[in-house]
Amino acid sequence: MTQKRYCVFCEIIAGREPATVHYQDEDVIVISNRLTWTPVMLLAIPKKHMTQSEMWRDSVMERLGRALVMMGEKVCPGGYRMVSNVGRDAMQSQEHGHIHLLGGMALGPYA
């Protein structure tokens with residue numbers, strides 16, 4: 001029997017790990033990121049466990065996009081950035097697909 005690897009996002013979705021939830025529906029949850037590189041750092045996560053690549057090919061992207069735009073307009077009226085890291089070279093740290101919403105300050109260019 002194959003044992004499922006621990007996934008902090010699945011644990012948050014199941015209510016077994018703490019998180020500040022800003023939005024959720026049957027398919028999507030938006031939470032505060034524990035990282036604080038910018039004043040606003042949210043994560044939009046599909047409730048179904050899937051990889052980044054699977055997420056981008058799945059119909060859940062429309063729901064993630066709507067949630068991110070709604071939250072961005074609400075908490076970052078001056079503008080925001082959405083970022084999706086895919087793979088280690090892009091600094092992806094969680095296998096469970098997700099998109100970052102960054103804002104609350106002027107965001108300069110980066111590589």
### side chain to side chain contact (heavy atoms under 4.5 Å, CB included) between Q94 and Q52, worked out
CA-CA 9 Å; Q94 299 295 322; Q52 289 290 88; over 6 Å; no

### Summary
Contacts of M105 meeting side chain to side chain contact (heavy atoms under 4.5 Å, CB included) (sequence neighbours excluded), chain-then-number -> T38, P39, L107

### Query
Considering the options L68, N33, I29, which one meets the side chain to side chain contact (heavy atoms under 4.5 Å, CB included) requirement together with L43?
N33

### Task
Using the side chain to side chain contact (heavy atoms under 4.5 Å, CB included) rule, take I12 and I31 through it: C-alpha gap first, then chi angles, then the decisive distance, then the call.
CA-CA 9 Å; I12 289 168; I31 64 171; 3.9 Å; yes

### Message
Set out, in order, the CA-CA distance, both residues' side-chain angles and the distance that settles side chain to side chain contact (heavy atoms under 4.5 Å, CB included) for V83 and L102, then state yes or no.
### Response
CA-CA 8 Å; V83 179; L102 310 171; 3.8 Å; yes

### Task
Assert yes or no for the condition that the ring centre distance of H98 to H100 is strictly below 6.0 Å.
yes

### Query
When rounded to the nearest 0.5 angstrom, what is the spacing between CZ in R5 and NE2 in H49?
8.0 Å

### Query
Closest heavy-atom contact between Y80 and L101?
CD1-CD1, 3.9 Å

### Message
Evaluate M41 against R34 for side chain to side chain contact (heavy atoms under 4.5 Å, CB included), listing each step before the verdict.
### Response
CA-CA 8 Å; M41 234 175 135; R34 291 180 184 169; over 6 Å; no

### Message
For the CD atom of E17 and the CZ atom of F9, what is their distance to the nearest 0.5 Å?
### Response
11.5 Å

### Message
Under 4.0 Å between a side-chain nitrogen and a carboxylate oxygen: does that hold for D27 and K47?
### Response
no

### Query
Are the side chain of E54 and the backbone N or O of T51 linked by a donor-acceptor pair below 3.5 Å?
yes

### Minimal non-hydrogen separation, V28 against A67, with atom names
CG1-CB, 4.1 Å

### Task
Ignoring hydrogens and angles, tell me if any N or O in the side chain of H96 forms a donor-acceptor pair with the backbone of P46 under 3.5 Å.
yes

### Message
Any non-hydrogen side-chain atom of H22 less than 4.5 Å from a side-chain atom of K74?
### Response
no

### Task
Could you tell me which non-hydrogen atom of M61 sits nearest to which non-hydrogen atom of M55, and how far apart they are?
CG-O, 3.0 Å

### Query
Between G97 and I45, which heavy-atom pair has the shortest distance, and what is it?
O-CG2, 3.7 Å

